[in-house]
Student: 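Sharing a structure here in structure tokens format.
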2 protein chains.
Amino acid sequence: MRKIGIRDVALLADVSNGTVSHYLNHPDRVSAEKAERIQRAIDTLGFVPNSAGRQLRLGRSNAIAYLAPDVSNPFFSSIAEGVEKRAAESGLSVFIANTHADRAREDAYLQMFEQHRVRGMLIASYEPIEDRLAQVRSRGTPAVLFGRPVEGTDLPYVAVDEVLGGRLAAQHLIDLGRQRLAFIGGPLGIKQVGDRLQGASDAVRESGSATLEVLNIPDRTIAGGKAVARELLARPVPLRPDGIFAVNDLLAIGILQTLIRGGVRVPDDVALIGYDDIEFAASSIIPISSIRSPHEVFGIAAVDLLLGVIAGDAEDIEVVYEPELVVRDSTAP
Amino acid sequence: MRKIGIRDVALLADVSNGTVSHYLNHPDRVSAEKAERIQRAIDTLGFVPNSAGRQLRLGRSNAIAYLAPDVSNPFFSSIAEGVEKRAAESGLSVFIANTHADRAREDAYLQMFEQHRVRGMLIASYEPIEDRLAQVRSRGTPAVLFGRPVEGTDLPYVAVDEVLGGRLAAQHLIDLGRQRLAFIGGPLGIKQVGDRLQGASDAVRESGSATLEVLNIPDRTIAGGKAVARELLARPVPLRPDGIFAVNDLLAIGILQTLIRGGVRVPDDVALIGYDDIEFAASSIIPISSIRSPHEVFGIAAVDLLLGVIAGDAEDIEVVYEPELVVRDSTAP
DNA sequence: TTGAAAGCGCTAACAT
DNA sequence: ATGTTAGCGCTTTCAA
């Protein structure tokens, strides 16, 4: 099958393999004449360098890895864009892996990429991954996390202030005059979810008058939103919340659609705000207010941070962005 | 940094490096006692095998590649699920690459994966890629295409019958009594788009009475759908189509939302059908009828086909699925 | 069951 | 400017 190596090229071009290698890596150090002979030989033979050989010799690859729980979630794929873009600028390839928020798969990929000796890993995970990562890092593969790691780690990370995001969302509903708020999302054990609830609950407490009900559901999807909205519809009207903060936009989309079909007026009867500001939120039948975190710039920042760590520029080991309130019709005054 | 190799393990375990390798690859051929010593040494040292070394020795990697134009499109990410699943069952890793429908990026990834000596590539592309792939294949890396390749290639592929899909969609609108159909989508040069239009146009012609207007737009996104729907709204009512076939669901979602906001009743005034049956189509405010192609099974089939090609089981070189009409409220009678 | 040793394809001294 | 050569880490005969 694939048999053509650098020596075949050298043979055909009638030079030494060292010269071919030079031509490949330092074209300026090869005479024009031989350069042409070599190029012709490469074309004739269909030579493609074997990266395993190069990598083995160099002791390192030129790839980084990006692990995300769900690449089909627009949030993570936007990050991927930024990552690829910046990596390409630095001459690095990116291996993307879809972990499906599954620990076993995360572990498998961690292992695989470590075996491949990637230069570093960028990791987004719902699962606590700090421990497993610590081992990988101690063996020499640097990593950058998306999202704030648990206390007590020195993991570099890129994050948004989720607590602030939660606060912004709840405060917005309160400013609208809503008093019976509901937080919909879960599992609360997930850091992002817990942080957003924390922020929301802070805002509610400080308001002195509003109340916050928590609907802890396992599934942050459109289907999950529909299901929980059906429960809401089953309640007598006075017991329904008048302001809903859905912990992500998918959930909000599902909730919105079911509420509307149930005859609830949004935002008049119930104001609704999501989180993440994915494209589908803006293009929903009633555009949904949301909390926007940086997406693409997120990926860029992570690559920069990783490169910094690799280069040994210890400097800042964390980058935190502030989320931003995006008001749309679902919470229009 | 990463210095621990098989020899270090061998040294610490007081065996030869060959024995360590045996333990790694054929554990049954190593005595229990040494096996334990080796394992202990591995743990102590934190040894992680270097896949470059293995790959170089073996002459092949154990990874395949999946190139898709847009992983954030649920259609392609569903395929990815199937691919990963089946690949894992066969002990293969999958490298996912996002080409952004950009030829240069496709080429870059093609080259990169060829250099990495992947076992094979699975490729979804809007661009004609057959020629470039031919070279790769001739050098020994097999490939399987998603979607029917241009005539005259022997590229193995997995596809759905897009012409049939287009026909099903249009026929459904016609069966509903719609006479002034509009096909919305483009660019027509893209195979899938052209094929779907072909099928729709066949159905219209055979109906003998219906007409088909083509709105050729460059952008198959929600935003694109909104834009074209605004054009429709600007028309006098009698000049609007009474049945719309959007070439994909994203487009249909955008169209639906703008039409509804414009006071058009769906499906009463205009019946609307999309294509792909992504999750968002079913969960739209008015669930959108669509043409469903197999998604996950698609990825599975592609891997199987690739494995077949690798193994040399020439058998069938093409797998074609039939799409299926999914009727929802947007075309309810 | 275990060890010794050759070599996969490549790069980078070093020598010329 | 070009050639020679020694490995990078691993697997796998082949012997013992």
Side-chain angles (χ1 to χ4, degrees), chain A residues 1-39 41-42 45-62 112 114-119 139-141, chain B residues 1-39 41-42 45-63 91 112 114-119 139-141:
Chain A
M1 155 147 144
R2 176 76 44 54
K3 312 185 61 70
I4 292 140
I6 209 172
R7 331 174 73 114
D8 302 289
V9 175
L11 202 64
L12 181 58
D14 192 31
V15 297
S16 80
N17 49 4
T19 305
V20 176
S21 178
H22 272 142
Y23 171 70
L24 259 21
N25 300 292
H26 311 280
D28 45 312
R29 297 191 200 157
V30 171
S31 74
E33 186 217 358
K34 307 225 167 182
E36 202 201 301
R37 290 223 306 270
I38 292 172
Q39 184 56 54
I42 288 175
L45 261 25
F47 166 74
V48 175
N50 181 329
S51 62
R54 151 177 299 193
Q55 179 175 332
L56 186 55
R57 175 66 231 224
L58 260 33
R60 60 196 170 78
S61 77
N62 62 160
M112 160 178 154
E114 197 178 359
Q115 293 184 175
H116 276 271
R117 297 296 189 267
V118 295
R119 295 278 263 283
R139 288 185 221 110
T141 305
Chain B
M1 165 143 142
R2 177 75 46 53
K3 310 188 61 74
I4 292 140
I6 209 172
R7 330 172 76 114
D8 303 288
V9 175
L11 202 64
L12 181 60
D14 193 31
V15 297
S16 80
N17 49 5
T19 305
V20 176
S21 178
H22 272 141
Y23 170 69
L24 259 20
N25 299 291
H26 312 280
D28 45 313
R29 296 190 200 157
V30 172
S31 74
E33 187 216 356
K34 308 224 167 186
E36 203 201 301
R37 291 222 306 270
I38 293 172
Q39 184 56 54
I42 287 176
L45 262 22
F47 166 74
V48 175
N50 182 329
S51 63
R54 149 176 302 192
Q55 181 177 329
L56 184 55
R57 176 66 233 221
L58 260 32
R60 59 194 170 82
S61 77
N62 60 161
M112 160 178 155
E114 195 178 2
Q115 293 184 175
H116 275 272
R117 299 295 189 269
V118 295
R119 296 278 263 281
R139 288 185 220 110
T141 305

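These values consider heavy atoms only, across backbone and side chains, with no hydrogens, waters or symmetry-generated copies. Values in this document were obtained by computation on a predicted structure and should not be read as measured data. Order of the sequence lines fixes the chain letters, A, B, ..., with proteins taken first and strands second; residue numbering starts at 1 for each chain.
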Student: When you match B/Asp14 and B/Gly53 each to their closest nucleotide on DNA chain C, which lands nearer the 5' end?
Tutor: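 So the residue in question is B/Asp14.
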Student: Specify the separation, in whole Å, of atom CD1 of B/Ile38 and atom C1' of C/dG3.
Tutor: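 Atom CD1 in B/Ile38 sits about 12 Å away from atom C1' in C/dG3.
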Student: Measuring only between side-chain heavy atoms, which start at C-beta, is A/Ile6 closer than 4.5 Å to A/Leu24?
Tutor: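 In short, these two side chains touch, coming nearer than 4.5 Å.
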Student: When you compare the side chain of B/Gln115 with that of B/Met112, does any pair of heavy atoms fall below 4.5 Å?
Tutor: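 No, too far: nothing below the 4.5 Å cut-off.
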Student: By nearest nucleotide on DNA chain D, pick out whichever of B/Arg29 and B/Pro49 is the more 5' one.
Tutor: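 Nearer the 5' end of the strand: B/Pro49.
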Student: Check every atom of C/dG7, C/dC10, C/dT11 against the side chain of A/Leu24 and return the nucleotide holding the closest atom.
Tutor: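 Closest of the options to the side chain of A/Leu24: C/dT11.
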Student: Do B/Tyr23 and B/Val15 have side-chain heavy atoms sitting under 4.5 Å apart?
Tutor: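 B/Tyr23 vs B/Val15: side chains apart.
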Student: For A/Phe47, report the nucleic acid contact type (base, sugar-phosphate, nothing); a contact means any heavy atom under 4.0 Å.
Tutor: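 Since only primed, P, OP1 and OP2 atoms lie under 4.0 Å of A/Phe47, the category is sugar-phosphate.
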Student: Among the candidates D/dT12, D/dC10, D/dG3, find the nucleotide nearest to the side-chain atoms of B/Arg54.
Tutor: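 Out of D/dT12, D/dC10, D/dG3, the nucleotide with an atom closest to B/Arg54's side chain is D/dC10.
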Student: To the nearest angstrom, how far is A/Arg7 atom CZ from C/dC8 atom P?
Tutor: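 Distance check: A/Arg7 CZ to C/dC8 P gives 7 Å.
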Student: Indicate, with a heavy-atom threshold strictly under 4.0 Å, whether B/Gly5 touches base, sugar-phosphate, or nothing.
Tutor: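 Sugar-phosphate only.
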Student: Taking atom C1' of D/dT5 as reference, at what distance in whole Å does atom CD1 of A/Ile6 sit?
Tutor: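 Rounded to the whole Å, the gap is 14 Å.
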Student: Can you tell me if the side-chain N/O atoms of A/Asn25 get under 4.0 Å from OP1 or OP2 in C/dT11?
Tutor: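 Affirmative; the distance criterion is met.
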Student: Without decimals, in angstroms, what is the distance between A/Asn50 CG and C/dG7 P?
Tutor: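 Checked: the CG to P distance equals 18 Å.
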Student: Is any side-chain nitrogen or oxygen of A/Thr19 closer than 4.0 Å to OP1 or OP2 of D/dG3?
Tutor: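 Checking A/Thr19 against D/dG3: at least one side-chain N or O falls below 4.0 Å of OP1 or OP2.
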Student: Taking atom P of C/dC10 as reference, at what distance in whole Å does atom CD of A/Gln55 sit?
Tutor: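 It works out to 13 Å between those atoms.
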Student: State which of C/dG3, D/dG3, D/dT4 makes the closest approach to the side chain of A/Lys34.
Tutor: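 So the side chain of A/Lys34 is nearest to D/dG3.
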Student: Please determine, for the side chain of A/His22, which listed nucleotide (C/dT11, D/dC10, C/dA13) has the closest atom?
Tutor: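 The closest nucleotide is C/dA13.
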Student: Does A/Ser61 offer a backbone N or O that forms a donor-acceptor pair with the side chain of A/Arg119 under 3.5 Å?
Tutor: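 Answer holds: yes.
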Student: Round to the nearest Å and state the distance from B/Arg57 atom CZ to D/dC10 atom P.
Tutor: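 In whole Å, D/dC10 P lies 13 Å from B/Arg57 CZ.
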Student: Are any of B/Ser31's side-chain N or O atoms less than 4.0 Å away from OP1 or OP2 of C/dT2?
Tutor: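 So the side-chain polar atoms of B/Ser31 do come within 4.0 Å of the phosphate oxygens OP1 or OP2 of C/dT2, strictly under.
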Student: Do the side chain of A/Arg7 and the main chain of A/Asn17 share a donor and acceptor less than 3.5 angstrom apart?
Tutor: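 No.
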Student: Looking only at side-chain N and O atoms, does A/Ser16 come under 4.0 Å of OP1 or OP2 in D/dT4?
Tutor: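 For D/dT4, OP1/OP2 do not have a side-chain N/O of A/Ser16 under 4.0 Å.
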Student: Does B/His26 make a side-chain N or O approach to OP1 or OP2 of C/dT1 shorter than 4.0 Å?
Tutor: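 So the side chain of B/His26 is outside the cut-off, no N or O lying under 4.0 Å from OP1 or OP2 of C/dT1.
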Student: Specify the closest pair of heavy atoms between A/Ile4 and A/Phe47, including all atoms of both residues, with the distance to one decimal.
Tutor: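 Taking A/Ile4 first and A/Phe47 second, the nearest heavy atoms are O-CD1, 3.7 Å.
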Student: Rounding to an integer number of Å, can you tell me how far A/His116 NE2 sits from D/dC8 P?
Tutor: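 Whole-Å distance recorded here is 21 Å.
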Student: Could you tell me the separation between the CG atom of A/Leu58 and the P atom of D/dG9, rounded to a whole number of Å?
Tutor: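 That distance rounds to 12 Å.
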